[in-house]
Amino acid sequence: MSREMVIVLDFGGQYNQLVARRVRECNVYCEIYSYKTPLAEIKEMNPKGIILTGGPNSCYEADAPTCTEELFELGIPILGLCYGAQLMQHILGGKVERAEVREYGKTDVLVDTKSELFRGVLPSTTCWMSHFDTISEPAPGFTVTARTQHCPVAAAEDLDRGLYVIQFHPEVLHTQEGTKMIYNFVRGICGCSGDWRMDSFVEQSVRIIREKVGSGKVLCALSGGVDSSVAAVLMSKAVGDQLTCVFVDHGLLRKNEGDEVEAVFGPDGNYDLHFVRVNAQQRFYDKLSGVTEPEEKRKIIGGEFIRVFEEEAKKIGAVDFLVQGTIYPDVVESGLGGESAVIKSHHNVGGLPDYVDFKEIIEPLRSLFKDEVRKVGLELGIPEYLVYRQPFPGPGLGIRIIGEVTAEKVRIVQEADAIYREEIANAGLDRGVNQYFAALTNMRSVGVMGDERTYDYAVALRAVETIDFMTAEAAQIPWNVLNKVMNRIINEVKGVNRVMYDLTSKPPGTIEFE
C-alpha cells in the first residue's frame with residue numbers, strides 16, 4: 001500500500017514494538033527493521049522519519065550494534081531513544097560514558113518547552129529512565145533540551161539536521177507525557193498527515209486482495225479467535241464464494257469452543273462462507289505424545305495445521321491461496337521484524353514446510369497490532385462480543401499445558417478455565433481484565449481431600465492488564481473472587497488439588513506460559 005511511513009530501527013531493545021505502536025496511535029504507519037538494514041533499503045522505503053530504539057549494550061564497546069554516520073545525513077528527521085540516543089551522540093562526536101548514578105524507574109525531568117519535541121509538555125514531567133550509561137557531552141551542533149538531577153543530557157536536538165535524542169523512554173506508559181512527545185515528532189517534526197486509519201485499511205485491503213486473488217480459490221484457516229475471524233470476514237468481503245473456511249478442531253480449544261465457532265461461522269451463522277469443520281483431536285494428541293519442549297510443540301501443531309489444510313484442499317479441488325490470521329506482534333516476536341531475540345515461534349509465521357500445496361499464503365492482518373485488528377473487525381460489522389473476545393493462541397491449550405499434552409490434561413485445563421472465566425464474568429471483571437485464563441502446570445503435589453491423601457496437579461490462574469499486549473501487569477483480582485475460583489476448581493475438577501495465581505508481569509515473563 002502507498003502510505004507515509006516512519007520506520008523503527010531496532011538495536012535489541014525490549015520496547016521495539018511499543019515504539020511502533022505509539023507511532024501508530026498518532027495515525028502514522030510504522031514498521032520495525034533491524035539496525036543491520038542496508039542504507040540503500042532505508043532510502044528505498046522513503047520514510048518520513050526514523051526512530052532508533054533502546055538496547056542492552058554500551059555504544060562505545062567494540063562489538064556494540066551500530067550504524068553508519070551516513071544515516072544521519074539522509075535529511076530525514078531522526079529520533080534516538082535511550083541506546084539510540086547514546087549511539088547517535090557517540091557517532092557524531094559527543095561523549096558517552098558510564099553514569100556515576102544509574103537512573104531506573106520514574107524520574108522527574110526538566111524540559112525546554114520551546115523545543116518542538118516538547119510542545120505542550122509540562123516544564124517538569126515524570127519519565128521512565130533505564131540506563132547505565134549517560135551522555136556527558138552532547139555532539140557538536142546539539143542543544144540540550146532536557147535534564148534530570150543525575151543526567152545532564154536527558155534530551156538534545158540539532159535543528160539544522162533534524163536530529164533529536166531522548167535518554168528516557170517516551171513509549172512506555174510510565175512516561176506521563178510520552179505519547180505527546182512521539183506525536184510531536186511524527187506529526188509535527190516529520191510532517192506526517194496521519195493517514196493510517198482502519199476504514200481506509202479495509203477499503204485498500206479489499207481492493208488489493210481482489211486484484212491478487214482474481215478468480216482463484218481461497219482456503220482460510222479459521223480458529224474462531226479474533227485474528228482469524230477478522231481475516232475470514234475481510235477475505236469474504238473481498239472474494240465472496242471463492243473462499244472456503246476450514247475450522248480445525250485440534251482438541252486444544254477451550255470448553256465447548258468448537259461448537260461455538262460452528263454456530264457463528266457455520267451454515268446457521270450470519271456470514272456468507274463455505275464452512276468446513278475438521279475433527280482432528282486424536283491426530284494432534286498422537287503427534288504431541290511424549291513431547292515436552294514448548295518450541296517443538298508449537299512447530300508440531302503448526303505443521304499439522306498445514307497438513308490438514310492440504311488434505312482439505314485436495315477434497316475441495318484446486319486451491320490457490322491459504323489465508324492465515326498472522327498479526328504484526330507474531331512477526332516481530334518470531335524474529336522477522338527487528339533485531340530483538342526470538343521470544344517464541346508462532347504457528348502461522350515462517351517455518352512452513354517446503355511442500356505446502358498452495359500457490360501463495362495471504363496474511364491480510366500481518367501489518368496490524370491487536371487493537372488495530374479489533375478496529376478492523378468493527379469496521380467490517382463483526383459483533384462486538386466476537387471482536388472483544390478473549391485472546392487465544394493458535395497452538396491453543398497446547399501452550400497452556402506445561403509438558404506433555406494428553407487428552408486427560410486437556411480436560412482438566414478446559415474445566416478449570418471454564419470455571420475461572422465464568423467467575424470473572426460473574427464478578428463483572430470480564431471487560432476490565434484484558435486477558436485471563438487457567439493453565440495446567442506440570443507440578444503434582446500432595447494434598448488431602450475427604451480424609452484421603454491425594455497426589456494431583458496444580459492449576460495456575462493468569463490475569464493481566466495491558467493496552468497493547470507487549471507489556472502487561474498482573475491484574476489485582478479481588479481475593480474473594482480468587483478464593484471462589486479456587487474452591488470450585490478443586491471441588492469440581494477431578495485431578496486438581498492446588499490452585500495458584502501468577503503475579504508475573506511482562507517483561508520479564510510472557511502472557512502465555514509457553
Side-chain angles (χ1 to χ4, degrees), residues 8 11 13-16 18-19 21-23 25-26 51-59 77-90 94-139 142-159 163-189 465-468 470-473 476 505-508:
V8 170
F11 288 87
Q14 62 178 321
Y15 299 133
N16 60 358
L18 202 50
V19 175
R21 186 65 207 91
R22 294 290 175 257
V23 173
E25 286 177 357
C26 302
I51 299 177
L52 314 181
T53 72
N57 302 87
S58 293
C59 66
I78 299 178
L79 172 63
L81 304 179
C82 197
Y83 178 85
Q86 296 166 1
L87 180 64
M88 185 192 299
Q89 294 299 287
H90 177 69
K95 187 175 182 181
V96 179
E97 56 189 350
R98 183 68 73 176
E100 291 184 7
V101 178
R102 180 198 178 188
E103 290 183 309
Y104 182 81
K106 292 181 179 180
T107 306
D108 291 330
V109 179
L110 302 177
V111 304
D112 181 355
T113 56
K114 298 193 203 72
S115 167
E116 284 297 313
L117 196 58
F118 300 122
R119 178 185 289 273
V121 175
L122 294 172
S124 178
T125 186
T126 301
C127 301
W128 183 260
M129 286 282 193
S130 179
H131 63 103
F132 283 106
D133 294 332
T134 189
I135 303 166
S136 55
E137 293 180 17
F142 280 81
T143 301
V144 177
T145 55
R147 59 183 174 82
T148 73
Q149 180 181 358
H150 301 293
C151 182
V153 186
E157 61 187 31
D158 182 335
L159 295 180
L163 303 178
Y164 300 81
V165 297
I166 294 178
Q167 177 58 69
F168 50 87
H169 289 276
E171 69 273 20
V172 302
L173 292 179
H174 301 305
T175 297
Q176 292 179 352
E177 298 180 275
T179 299
K180 191 179 296 182
M181 299 171 195
I182 292 175
Y183 184 95
N184 287 341
F185 178 71
V186 299
R187 296 292 292 272
I189 293 168
E465 293 177 348
T466 178
I467 292 175
D468 42 44
M470 290 172 281
T471 60
E473 297 291 336
Q476 296 185 33
S505 61
K506 176 185 180 181

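What's counted below: heavy atoms across the whole structure, side chains too, no hydrogens, waters or symmetry copies.
Between atom CG of residue Asp158 and atom OG1 of residue Thr143 there is a gap of 7.5 Å, rounded to the nearest 0.5 Å. Interatomic distance, Glu116 CD to Leu159 CG, rounded to the nearest 0.5 Å: 8.5 Å. Rounding to the nearest 0.5 angstrom, the gap separating the CG atom in Asp108 from the CG atom in Leu110 is 7.5 Å. From Met88, atom CE reaches atom CD1 of Ile78 across 5.5 Å, with rounding to the nearest 0.5 Å. Here the CD1-CD distance, from Ile135 to Gln89, works out to 4.5 Å after rounding to the nearest 0.5 Å. Distance check, rounded to the nearest 0.5 Å: CG of Leu18 to CD1 of Ile182 gives 8.0 Å.
Between the side chain of Thr134 and the backbone N or O of Cys151 there is no donor-acceptor pair closer than 3.5 Å. The backbone N or O of Glu171 sits less than 3.5 Å from a side-chain atom of Arg22, completing a donor-acceptor pair. Side-chain N or O atoms of Asn57 include none that pairs as donor or acceptor with a backbone N or O of Cys59 at under 3.5 Å. Remark: the backbone N or O of Glu177 is not paired with any side-chain donor or acceptor of Thr175 at under 3.5 angstrom. Checking side-chain atoms of Glu157 against main-chain N and O of Thr145 turns up no donor-acceptor pair under 3.5 Å. The closest donor-acceptor contact from the side chain of Lys180 to the backbone of Gly120 lies under 3.5 Å. At least one donor-acceptor pair under 3.5 Å links the side chain of Thr107 to the backbone N or O of Gly105.
Tyr83 and Phe11 have tilted rings, their planes meeting at an angle from 30° to 60° on a 0 to 90° scale.
For the pair Cys127 and Met181, the minimum side-chain heavy-atom distance is below 4.5 Å. Taking 4.5 Å as the limit, some side-chain heavy atom of His169 sits within range of a side-chain heavy atom of Ser130. Counting heavy atoms from C-beta on, the side chains of Trp128 and Tyr15 come closer than 4.5 Å.
Annotation for Phe118 and Ala155: closest pair CZ-CB, 3.6 Å, computed over non-hydrogen atoms. Minimum interatomic distance between Pro152 and Val144 (heavy atoms only, all atoms of both residues): O-CG1, 3.5 Å. Nearest heavy-atom pair across Asn184 and Arg119 is ND2-O, 2.9 Å. Closest non-hydrogen pair, Leu122 versus Thr125, comes out as O-CB, 4.0 Å.
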Item to complete: Take Thr53 and Asn16 through the test side-chain hydrogen bond (donor to acceptor under 3.5 Å, both in side chains) and record every step on the way to the result.
Response: CA-CA 6 Å; Thr53 72; Asn16 60 358; over 6 Å; no
Item to complete: Under the side chain to side chain contact (heavy atoms under 4.5 Å, CB included) rule, what do Ile166 and Leu117 come out as? Steps first, then yes or no, please.
Response: CA-CA 10 Å; Ile166 294 178; Leu117 196 58; 3.6 Å; yes
Practice prompt. Please assess Leu81 against Ile51 for the test side chain to side chain contact (heavy atoms under 4.5 Å, CB included), listing each intermediate value before the final yes or no.
Written response: CA-CA 7 Å; Leu81 304 179; Ile51 299 177; 3.8 Å; yes
Discussion item. Test side chain to side chain contact (heavy atoms under 4.5 Å, CB included) on Leu52 and Val165; report intermediate values, then the result.
Written reply: CA-CA 9 Å; Leu52 314 181; Val165 297; over 6 Å; no
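Asp133 and Ser58 form a side-chain donor-acceptor contact under 3.5 Å, judged by distance and modelled atom types alone. With hydrogens and angles left out, the side-chain atoms of Gln167 and Gln86 include a donor and acceptor closer than 3.5 Å. Under the 3.5 Å distance criterion, with hydrogens and angles disregarded, no donor-acceptor pair is assigned to the side chains of Thr466 and Glu473.
Arg147 CZ: 12 or fewer foreign heavy atoms inside a 6.0 Å radius. Glu97 CD: more than 12 foreign heavy atoms inside a 6.0 Å radius. Within 6.0 Å of CZ on Arg98 lie more than 12 heavy atoms contributed by other residues, nucleotides or ligands.
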